[in-house]
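Report on the structure given below.
Worth knowing before you read on, the calculation uses all heavy atoms, side chains too, and leaves out hydrogens, waters and symmetry mates.
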Amino acid sequence: MSQRIVVDPITRIEGHLRVEVVVDDNNVVTEAYSGATLWRGIETILKGRDPRDAGFMTQRICGVCTFSHYRTGIEAVENALGIEPPLNAKLTRTLMNSALFIHDHPVHFYQLHGVDFVDVVSALSADPKKASEEAFKWCEYPYACGADQLKLVQDKVKGFVAKGALGPFANAYWGHPTYHLTPEQNLIALSHYLEALRIQRTAAQALAIFGGKQPHPQSLTVGGVTCIMDLQDPARLGEYLTKVNEVSDFIHRAYYPDLVMAGKAYAKEPSVLGDLGTVNLMTYKDFQTGANEFLFDGGIIMGGDISKVYEIDESKITEEATRAWYKNPAPLHPYDGETEPNFTGLKAEKTLNAKGEMEDSMVFDQNGKYSWIKAPRYDGKPMQVGPLANIVVNYAKGNKVVVEAVDQFLKDTGLPLPAVLSTLGRTACRMLEAKIISESIGKTLNNLISNLKVDDTTCAPYVIDTKKEYKGRAILNVPRGVLSHWCRIKNGVIENWQAVVPSTWNASPKDAKGQRGSYEESLVGMKIADLKQPLEIIRKIHSYDPCIACAVHVMDTKGNELSEYKVNPNFC
């Protein structure tokens with residue numbers, strides 16, 4: 001007899017996400033539902049605003065991806081008005097974006113996703129001396145892995161346990177049969193977890209050098225950047241380079257070897273392999289490093305066939321709401337997007353609780369609407385975006401730096417190329433993206449300095465004809481994948497604005513044809529070892545680095561209360 005398992009909320013993510021799966025008698029997932037359970041509003045706020053305000057408001061879509069939405073909001077207006085920022089501005093934006101990526105990816109692995117692979121409690125039984133020796137198997141100069149430091153880390157966590165206060169490590173599925181690192185390997189990763197807390201501060205400071213602050217930087221404007229004094233100060237440029245080099249060192253000596261170690265350990269774990277999710281991959285050209293140079297190229301792979309890469313046709317992008325809580329179900333291009341709510345609620349059904357008992361619950365409507373996230377589609381097909389899509393598309397296109405990084409990782413782990421198309425590969429590609437970006441920063445900075453010597457322009461003039469109508473968009477590749485903002489401008493103010501974000505693509509509900517989004521697709525066919533401890537579900541979902549606050553943004557501009565929702569964080 002089939003059973004429904006509900007995981008709500010999915011923790012260690014940005015926003016509110018609920019996942020429900022149906023399993024058969026063998027604990028194999030036969031159907032999955034991914035739904036955002038909380039909504040918010042930004043796009044409607046922008047209506048009637050001066051276009052120059054857009055970036056400052058869109059960055060409030062999320063508390064994590066602030067620079068991503070800030071830059072996209074600015075560049076959508078530039079595209080609409082035909083404003084071309086000077087090269088100095090473009091390269092400065094790349095340096096800020098680089099700091100964001102090398103901040104975001106390590107934090108995702110260590111603070112949000114890594115404990116899906118690392119059994120922290122197991123680390124408490126490790127031999128610190130053996131763990132230190134183990135670290136040298138994965139890196140010539142391992143990071144924070146001396147026997148004394150590892151013992152200090154171990155004793156610190158043991159102190160938490162003795163007090164019954166595991167803090168961020170509490171209420172997890174420690175001892176789960178799908179954990180595969182040894183106690184010593186777990187201790188190495190635990191040490192890096194604590195180091196990552198410090199390193200993320202340094203990365204944030206690097207972005208703030210040009211942004212004024214982080215999160216919510218303030219130095220971008222329609223036409224360019226405003227941080228001219230920082231760009232003309234050698235000390236500030238040197239400070240930026242020092243900080244990103246410190247973060248890069250952590251990426252090369254901790255993040256990379258930890259993923260090689262995990263790749264070896266999980267090479268035969270079925271719950272993280274052979275689960276690409278949506279087999280259609282999309283990424284966008286980004287990371288300008290010089291006048292006509294970009295670190296990553298864009299394109300589309302259909303059906304998982306890496307022998308062919310297609311160029312993106314923006315006219316084929318739509319969003320529909322057949323299974324989302326909005327009124328108009330039609331597939332609309334983002335320029336014409338609508339966000340009128342239509343909450344139809346949940347349905348009563350018995351589900352399995354954390355104690356292994358059946359109980360009455362309110363669950364998603366299997367045949368109706370079940371998410372505040374719409375369903376974006378490309379030419380009617382679901383797409384997967386993110387580091388996996390970016391790395392695989394660029395590998396397929398023969399991008400030299402990507403090919404070298406992927407081939408070296410596969411050599412170091414002994415994994416075959418198809419292993420990249422999986423949860424394990426998705427996690428590794430995020431690390432590879434951070435590594436490649438960290439190695440490109442010096443080139444971008446040198447090109448900026450060289451250009452500043454002959455041209456100190458940092459901003460193009462803002463020109464708008466209030467009698468004309470404009471439309472424009474910005475499509476970028478941000479830490480979680482392809483992000484696009486689409487705007488219409490009329491009478492000198494914003495008439496319509498739509499954001500189609502990475503987690504909308506990946507976390508989308510089913511569409512009118514019953515096609516699943518990538519979260520749902522990656523879960524179907526997976527066997528769960530223990531229905532009371534569905535670690536496999538959480539591990540897969542975390543590999544996408546969900547940002548649900550970005551994916552749902554609607555509001556009533558009159559301030560009326562539309563509905564009231566209560567979320568019980570203790571319910572699982």
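No side-chain donor-acceptor contact under 3.5 Å links Thr278 to the backbone of Met383. Of the possible polar contacts, one joining the Thr72 side chain to the Ser68 backbone as a donor-acceptor pair under 3.5 Å is found. Between the Ser98 side chain and the Ile437 main chain, no donor and acceptor come within less than 3.5 Å of each other. A donor-acceptor pair under 3.5 Å is formed between the side chain of Ser125 and the backbone N or O of Ser122. A donor-acceptor pair under 3.5 Å links the side-chain atoms of Gln154 to the main chain of Ala126, judged by distance alone. Using a distance-only test at 3.5 Å, with no hydrogens or angles considered, a donor-acceptor pair links the side chain of Gln111 to the main chain of Tyr193. Using a distance-only test at 3.5 Å, with no hydrogens or angles considered, a donor-acceptor pair links the side chain of Lys540 to the main chain of Ser271. Between the side chain of Glu14 and the main chain of Cys62, no donor-acceptor pair closer than 3.5 Å is present. Not a single donor-acceptor pair under 3.5 Å links the side chain of Asp275 to the backbone N or O of Ser422. Not a single donor-acceptor pair under 3.5 Å links the side chain of Arg253 to the backbone N or O of Ala144.
Within the structure, the ring-ring contact (aromatic ring centres under 6.0 Å, His included) test picks out the following pairs touching residues 530-551 (sequence neighbours left out): Tyr519-Tyr544. Residue pairs that meet the salt bridge (Lys or Arg N to Asp or Glu O under 4.0 Å) test with at least one member in residues 101-121, sequence neighbours left out, are Arg12-Asp116, Asp104-Arg480.
The pair Lys513-Glu320 does not count as a salt bridge, with every side-chain nitrogen at least 4.0 angstrom from each carboxylate oxygen. We find that Arg516 and Glu31 are joined by a salt bridge, their nearest charged nitrogen and carboxylate oxygen being less than 4.0 Å apart. Using a 4.0 Å cut-off between charged nitrogen and carboxylate oxygen, Glu134 and Lys137 count as a salt-bridge pair. Between Asp511 and Arg323 there is no salt bridge, since no side-chain nitrogen of the basic residue lies less than 4.0 Å from a carboxylate oxygen of the acidic one. With respect to the salt-bridge test (charged N to carboxylate O, under 4.0 angstrom), the residues Glu133 and Lys130 do not qualify. Under a 4.0 Å N-O distance rule, the pair Lys435/Glu439 qualifies as a salt bridge.
Atom CG of Leu190 sits about 8.5 Å away from atom CG of Asn186, to the nearest 0.5 Å. In this structure, CG on Asn477 lies 9.0 Å from CG on Asn97, to the nearest 0.5 angstrom. Remark: Thr283 OG1 to Phe296 CZ distance equals 8.0 Å, nearest 0.5 Å.
Listed by chain and number, the residues in a ring-ring contact (aromatic ring centres under 6.0 Å, His included) with Phe250 are Tyr110, Tyr143 (sequence neighbours excluded). Residues satisfying the ring-ring contact (aromatic ring centres under 6.0 Å, His included) test with Tyr266, not counting sequence neighbours, are Phe117, His180. Partners of Glu404 by side chain to side chain donor-acceptor pair (under 3.5 Å), not counting sequence neighbours: none found. Evaluation of the ring-ring contact (aromatic ring centres under 6.0 Å, His included) rule for His192 yields no partner, not counting sequence neighbours. Taking the side-chain contact (heavy atoms from CB on, under 4.5 Å) definition, one finds that Met362 meets it with Leu346, Ala348, sequence neighbours left out. For Ala267, the side-chain contact (heavy atoms from CB on, under 4.5 Å) criterion is met by Leu415, not counting sequence neighbours. Considering only residues two or more places apart in sequence or on other chains, Lys151 meets the side chain to side chain donor-acceptor pair (under 3.5 Å) condition with Asp155. The side chain to side chain donor-acceptor pair (under 3.5 Å) test applied to Thr318 returns no partner, not counting sequence neighbours. For Ser248, the side chain to side chain donor-acceptor pair (under 3.5 Å) test picks out His252, Ser438, with sequence neighbours left out. His176 meets the ring-ring contact (aromatic ring centres under 6.0 Å, His included) test with no other residue; sequence neighbours excluded.
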Query - Asp530/Tyr173 under side-chain hydrogen bond (donor to acceptor under 3.5 Å, both in side chains): CA gap, chis, key distance, verdict - result: CA-CA 10 Å; Asp530 183 349; Tyr173 301 140; over 6 Å; no
Requested in this report: In sequence, state the C-alpha distance, the side-chain angles, and the governing distance for Ser361 and Arg4, and then conclude on side-chain hydrogen bond (donor to acceptor under 3.5 Å, both in side chains).
Outcome: CA-CA 10 Å; Ser361 302; Arg4 183 181 290 234; over 6 Å; no
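Shown here for Gly263 and Thr413, the closest heavy-atom pair between the two residues is CA-CG2, 4.4 Å. Shortest non-hydrogen contact noted between Ala375 and Ser508 is CA-CB, 3.7 Å. When all heavy atoms of Val385 and Val482 are compared, the closest pair comes out as CB-N, 3.7 Å. Heavy atoms only, all atoms of each residue included: Ser132 and Leu150 are closest at N-CD1, 3.5 Å. In terms of heavy atoms, His103 sits closest to Ala204 at CE1-CB, 4.2 Å. Residues Gly298 and Lys397 share a closest heavy-atom pair of O-NZ, 2.9 Å.
Each of Cys550, Ser484, Pro376 was compared with Thr504 under the side-chain contact (heavy atoms from CB on, under 4.5 Å) criterion, and only Pro376 meets it. Each of Asn342, Thr37, Thr344 was evaluated against Trp325; a single residue qualifies, Thr344, per the side-chain hydrogen bond (donor to acceptor under 3.5 Å, both in side chains) test. Just one residue in the list Leu424, Ile538, Thr423 forms a side-chain contact (heavy atoms from CB on, under 4.5 Å) with Ser543, and that residue is Thr423.
The environment of NZ in Lys129 is sparse: at most 12 heavy-atom neighbours from other residues, nucleotides or ligands sit within 6.0 Å. Few gaps surround NZ on Lys527; more than 12 heavy atoms of other groups in view lie less than 6.0 Å from it.
The six-membered or imidazole ring of Trp372 lies near that of Tyr326, with a centre-to-centre distance under 6.0 Å. Residues Tyr33 and Tyr370 bring their aromatic ring centres within 6.0 Å.
Annotation: cation-pi geometry not satisfied between Arg430 and Phe109 (NZ/CZ under 6.0 angstrom from ring centroid, within 45° of ring axis).
Inter-residue side-chain proximity for Val363 and Arg18 is flagged as met; some heavy-atom pair is nearer than 4.5 Å. Looking at Trp138 and Asp258, their side chains never come closer than 4.5 Å, going by heavy atoms from C-beta outward.
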